[in-house]
Amino acid sequence: MIQVLLVHHFSLLRSGLAALLNKAPDMEVRDVPWSNAPGRLRSLRADVCVVDLDGPEGPEGGSVAELCRHMPKADCGLLVLATPGRPGVLRRAYDAHALGFVNKDATPQKLMEGIRNVAAGRRYVDESLAHDLLRAADMPLTARELSVLSLAARGATVSEIAGRLHLSCGTIRNYMSAITRKTGARNRVDAIRISQGAGWV
């Protein structure tokens with residue numbers, strides 16, 4: 001039996017997807033919000049952790065990093081649900097050592113196929129995300145820079161970003177300077193505009 005931990009912000013979507021996956025004869029699914037995910041991963045011996053990184057209330061970089069820190073100890077593979085045209089999300093997932101990448105518009109059968117592959121330790125890439133995954137590999141920004149930029153794009157101030165990512169304000173300013181330089185932008189607002197146009201945030 002494959003033990004699956006499903007992590008999503010929205011309770012209705014999370015419980016519905018869990019109910020669907022629980023119909024598979026070889027899967028047992030537990031679902032949790034992001035706030036409870038690291039603790040649940042420690043207590044549940046999950047084989048696969050399925051996460052949605054790119055919702056409107058997507059997790060901050062710190063949440064993803066905290067969850068991923070527990071994965072090697074839990075011997076758990078990461079499978080990411082993603083939307084095409086958002087290579088920034090795929091870059092964050094790749095840097096988090098995700099094994100599986102499934103389009104959120106895929107069939108339930110494709111998601112189950114991805115879970116079974118990741119549970120067996122095999123990489124699984126939905127063909128509709130392959131091009132974006134290649135674009136993600138060429139992206140000039142690091143996963144941490146993408147997390148900073150994603151929060152900035154939501155309107156967070158330097159101090160708010162620092163608090164959410166548990167970093168100093170000076171470190172956040174340094175990240176924003178690097179982002180501006182790497183994107184060829186004139187300022188923070190221009191960097192956000194360029195990155196949103198490229199699908200990075």
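Heavy atoms only: backbone and side chains are in, while hydrogens, waters and symmetry mates are out.
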Minimal heavy-atom distance between Cys49 and Cys76, with the atoms involved, is N-SG, 3.4 Å

So salt bridge (charged side-chain N to carboxylate O under 4.0 Å, His left out) across residues 178-191, not counting sequence neighbours, yields Glu145-Lys182, Arg186-Asp190, Asp190-Arg193

Review point. Are the side chains of Arg135 and His131 in touch, meaning some heavy atoms are under 4.5 Å apart?
Key: yes

### Task
Output, in order, the C-alpha distance, side-chain angles, deciding distance and verdict of side chain to side chain contact (heavy atoms under 4.5 Å, CB included) for Ile2 and Arg116.
CA-CA 8 Å; Ile2 300 171; Arg116 290 179 183 117; 3.9 Å; yes

Closest heavy-atom pair, Ala162 versus Cys169, reported as atoms and distance to 0.1 Å, is CB-N, 3.9 Å

- For atom CG of Asp105, is the number of surrounding heavy atoms from other residues, nucleotides or ligands below 6.0 Å larger than 12? no

For Gly114 and Leu79 the tightest heavy-atom approach is C-CD1, 3.4 Å

CD1 of Ile194 to OG1 of Thr183, rounded to nearest 0.5 Å, is 4.5 Å

- Message: Using side-chain heavy atoms (C-beta onward) and a distance below 4.5 Å, is Val102 in contact with Ile115?
- Response: no

Heavy-atom side-chain contact between Leu149 and Ile192 under 4.5 Å
yes

Output for pair (Met112 CE, Lys23 NZ), nearest 0.5 Å, gives 8.5 Å

Side-chain contact test, heavy atoms from C-beta onward, threshold under 4.5 Å: evaluate it for Val118 versus Val50 and give yes or no. no

Practice item. Determine, stepwise, if the pair Leu167 / Tyr175 fulfils side chain to side chain contact (heavy atoms under 4.5 Å, CB included). Key: CA-CA 11 Å; Leu167 298 170; Tyr175 276 127; 3.9 Å; yes

Side-chain heavy-atom pair Asn117, Arg123 within 4.5 angstrom cut-off: no

What one should report as the nearest heavy-atom pair of Phe101 and Ala93 is CE2-CB, 3.8 Å

By salt bridge (Lys or Arg N to Asp or Glu O under 4.0 Å), Glu28 pairs with (sequence neighbours left out) Arg30

**Request:** Please tell me if the side chains of Val158 and Arg173 come closer than 4.5 Å, counting only heavy atoms from C-beta onward.
**Result:** yes

If we only count heavy atoms from C-beta on, is the Pro84 to Leu129 side-chain gap below 4.5 Å?
yes

To the nearest 0.5 Å, atom OG1 of Thr142 lies from atom CZ of Arg144 at 8.5 Å

| request: Evaluate the criterion side chain to side chain contact (heavy atoms under 4.5 Å, CB included) for residue pair Leu17 and Val29; output intermediate values, then yes/no. | output: CA-CA 9 Å; Leu17 187 53; Val29 183; over 6 Å; no

Here the gap from Ile161 atom CD1 to Thr171 atom OG1, rounded to the nearest 0.5 Å, amounts to 12.5 Å

Between the CZ atom in Arg14 and the CG atom in Leu6, the distance rounded to the nearest 0.5 Å is 7.5 Å

Separation between CH2 (Trp200) and CG (Leu90), nearest 0.5 Å, reads 14.0 Å

Would you mind checking if Lys110 and Glu127 are paired as a salt bridge, meaning a charged N to carboxylate O distance below 4.0 Å? yes

Task: Candidate pair Val148 and Met176, rule side chain to side chain contact (heavy atoms under 4.5 Å, CB included), full reasoning - done: CA-CA 8 Å; Val148 169; Met176 287 307 305; 3.6 Å; yes

Could you tell me whether a side-chain N or O of Ser150 sits under 3.5 Å from a main-chain N or O of Leu146, the two making a donor and an acceptor?
no

Indicate yes or no for a side-chain donor-acceptor contact from Asp132 to the backbone of Gly85 under 3.5 Å, with no hydrogens or angles considered. yes

What one should report as the nearest heavy-atom pair of Ala98 and Val80 is CB-CG2, 3.9 Å

What one should report as the nearest heavy-atom pair of Ala191 and Ile179 is CB-CG2, 4.0 Å

Are any of the side-chain heavy atoms of Lys104 and Asp52 separated by less than 4.5 Å? yes

